[in-house]
Amino acid sequence: MEKKITISDLSDYVGQDVTLKGWLYNKRSSGKVKFLILRDGTGYLQCIVFKGNVSEDVFKVADSLTQEASFEITGKVKREERAVGGFELDATDVKLIGESHDFPITPKEHGVEFLIDNRHLWLRSKRQVSIMKIRHRIVKAIRDFFDEKGFTLFDPPIITPNACEGTSTLFELDYFDLGKGYLTQSGQLYAEAGALALGKVYTFGPTFRAEKSKTRRHLTEFWMVEPEMAFYDLNDDMDLAEEFLEYIVQTILKEKKEDLAILERDTSKLEKVVRPFPRVSYDDAVEILKNNGVDFEWGNDFGAADETIISNQFDRPVMVHRYPSEIKAFYMKRDPENPKVALAVDVLAPEGYGEIIGGSQREDDLNLLLERIKQHDLPQSFFEWYLDLRRYGSVPHSGFGLGLERTVSWICGLEHLREAIPFPRMIYRNTP
RNA sequence: UCCGCGAUAGCUCAAUGGUAGAGCAUUCGGCUGUUAACCGAAGGGUUGUAGGUUCGAGUCCUACUCGCGGAGCCA
């Protein structure tokens with residue numbers, strides 16, 4: 001295979017002749033000199049084509065290149081302070097690879113609707129490339145974190161026979177002669193089986209919600225990572241969650257400076273994301289709301305505006321724990337010291353980004369769990385395997401789920417979740 | 001499901017009820033250091049759909065369609 005040189009490699013090739021391949025990001029022309037901005041996914045490079053330095057034909061090719069045309073360019077690499085990225089290519093040859101006529105996304109501003117219609121092309125823009133790179137690095141940080149702590153990646157099924165938590169609306173499908181199947185809304189119940197087999201596991205995959213949520217904080221298909229640990233109580237769970245978030249944020253701050261700069265992210269807010277995070281009980285949170293003039297009744301769940309008020313009291317993520325058990329899922333363990341509340345925790349991100357983590361200690365007592373399933377009107381037959389986990393060597397265990405796109409959105413400072421995933425799926429959009 | 005906002009050139013937007021315009025993109029011309037380059041010119045429209053008011057509707061009224069934001073639900 002021929003050696004492939006990319007823009008990110010150029011510091012090794014100063015003074016040498018190289019051939020690069022990519023797409024035309026932009027072009028400026030001043031009579032006998034043309035400035036071609038090449039992008040190749042690793043960076044941006046200004047290429048100079050002087051009329052006197054190349055043949056008539058090569059100059060014509062350079063002249064004919066249009067936005068997003070793909071081409072090959074050869075020339076000498078030099079350091080150049082005036083150019084973006086600090087390098088410049090003095091071209092001697094240009095070859096067209098693929099034409100591009102009337103590229104829809106011009107260098108001026110566009111509306112969100114138009115951009116999302118052209119998502120497949122929008123992804124080529126500088127901003128979207130940076131978001132995708134940060135998303136990738138966050139995913140890697142997540143995996144590194146758990147892998148280094150002795151967790152085993154444990155893949156749950158995506159097609160499930162029932163609603164995991166019995167609350168959300170799910171996508172339904174016909175499953176041969178077995179009746180209805182559903183796309184999973186959480187791998188958690190399966191992760192519990194994994195934790196009792198392997199000790200510490202995490203699931204990482206797509207999740208589906210058929211809720212008709214029309215907000216910037218919702219997608220119908222999103223990625224979630226869910227660790228589940230045997231012999232962890234709620235406090236252990238919260239300790240892990242804050243160490244986890246600190247690791248992700250600090251890793252991105254350290255390794256993705258350039259991309260955060262392209263996104264114009266105010267990193268001073270992210271630098272404060274270090275342990276310990278404030279921990280407030282639901283009762284404390286209700287007090288905060290009342291002190292801020294909110295007419296809030298104990299027992300209700302917090303709305304988006306309530307969450308923002310609570311998180312604005314702090315400069316880092318806040319962990320709200322011990323919610324009324326009535327508003328939480330059936331599998332969450334009740335607090336032995338106050339059975340009205342569940343051993344649950346939500347982590348609210350700063351700057352109004354809302355809930356990024358939801359977790360709990362799980363109910364490990366067979367009889368209490370059976371009772372809870374009846375109370376929630378869930379079909380016990382579907383949960384027999386799950387109840388077996390309490391019949392054969394039940395142990396205290398806990399876990400949580402982190403929404404990947406909400407995390408990407410928060411760290412990148414995005415306005416809308418749809419930019420945090422390559423091809424967003426929303427209630428009124430399933431294309432491109 | 002409920003509440004609010006919107007739809008005009010390929011894109012982003014203007015246009016007191018009185019000849020539908022600008023910037024970008026495209027095409028042509030000019031410029032040997034440009035940084036969303038600049039300068040000059042050209043092409044480009046059934047103003048979301050249907051109806052109504054009016055001498056006259058992009059503009060006012062009604063219905064519908066589509067989209068956006070928020071609530072609820074949640075990560």
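Naming convention: chains lettered A, B, ... in sequence-line order (proteins, then strands); numbering from 1 in each chain.
Under 4.0 Å is where a charged nitrogen must lie from a carboxylate oxygen, and between A:D364 and A:R362 no such pair does.
The base of B:C74 lies close enough to the side chain of A:H218 for a donor and an acceptor atom to sit less than 3.5 Å apart.
Rounded to whole Å, the separation between the C1' atoms of B:A57 and B:G51 comes to 14 Å. Rounded to whole Å, the P atom of B:C61 lies 15 Å from the corresponding atom of B:G18. Distance check on atom P: B:G45 versus B:A9 gives 10 Å, rounded to whole Å. Taking atom C1' in both B:C68 and B:G48, one finds a spacing of 15 Å when rounded to whole Å.
Judged by ring centres under 5.5 Å apart and planes tilted less than 30 degrees, A:F103 fails to stack against the six-membered base ring of B:A25.
Closest to the side chain of A:M224, out of B:G33, B:U12, B:A75, is B:A75.
Taking the centre and axis of the six-membered ring of A:Y202, the NZ or CZ atom of A:K200 falls outside the cone set by 45° and 6.0 Å.
Within a 6.0 Å sphere centred on NZ of A:K60, other residues, nucleotides and ligands contribute 12 heavy atoms or fewer.
In this structure B:U34 sits in no base pair that meets the Watson-Crick or G-U test at under 3.5 Å. Partner assigned to B:A25 is none, using Watson-Crick or G-U wobble distances below 3.5 angstrom. Judged by Watson-Crick or G-U wobble contacts below 3.5 Å, the nucleotide B:U1 has B:A71 as its partner. B:A7 is paired with B:U65 under the criterion used here, namely a Watson-Crick or G-U wobble arrangement in which both key atom distances are under 3.5 Å. Pair check for B:U59 finds none; no Watson-Crick or G-U wobble contact set falls under 3.5 Å. Searching all strands for a Watson-Crick or G-U wobble partner of B:U47 with both distances below 3.5 Å returns nothing. Using N1 to N3 plus N6-O4 or O6-N4 for Watson-Crick, or N1-O2 and O6-N3 for G-U wobble, each under 3.5 Å, B:A15 pairs with nothing.
OP1 and OP2 of B:G72 both lie 4.0 Å or more from every side-chain N or O belonging to A:R209. Contact check, A:H416 against B:G69: a side-chain N or O comes under 4.0 Å of OP1 or OP2. For B:C74, neither phosphate oxygen OP1 nor OP2 lies less than 4.0 angstrom from any side-chain nitrogen or oxygen of A:R217.
Partners of A:N300 under the side chain to side chain donor-acceptor pair (under 3.5 Å) rule, at least two apart in sequence or in another chain, do not exist in this structure.
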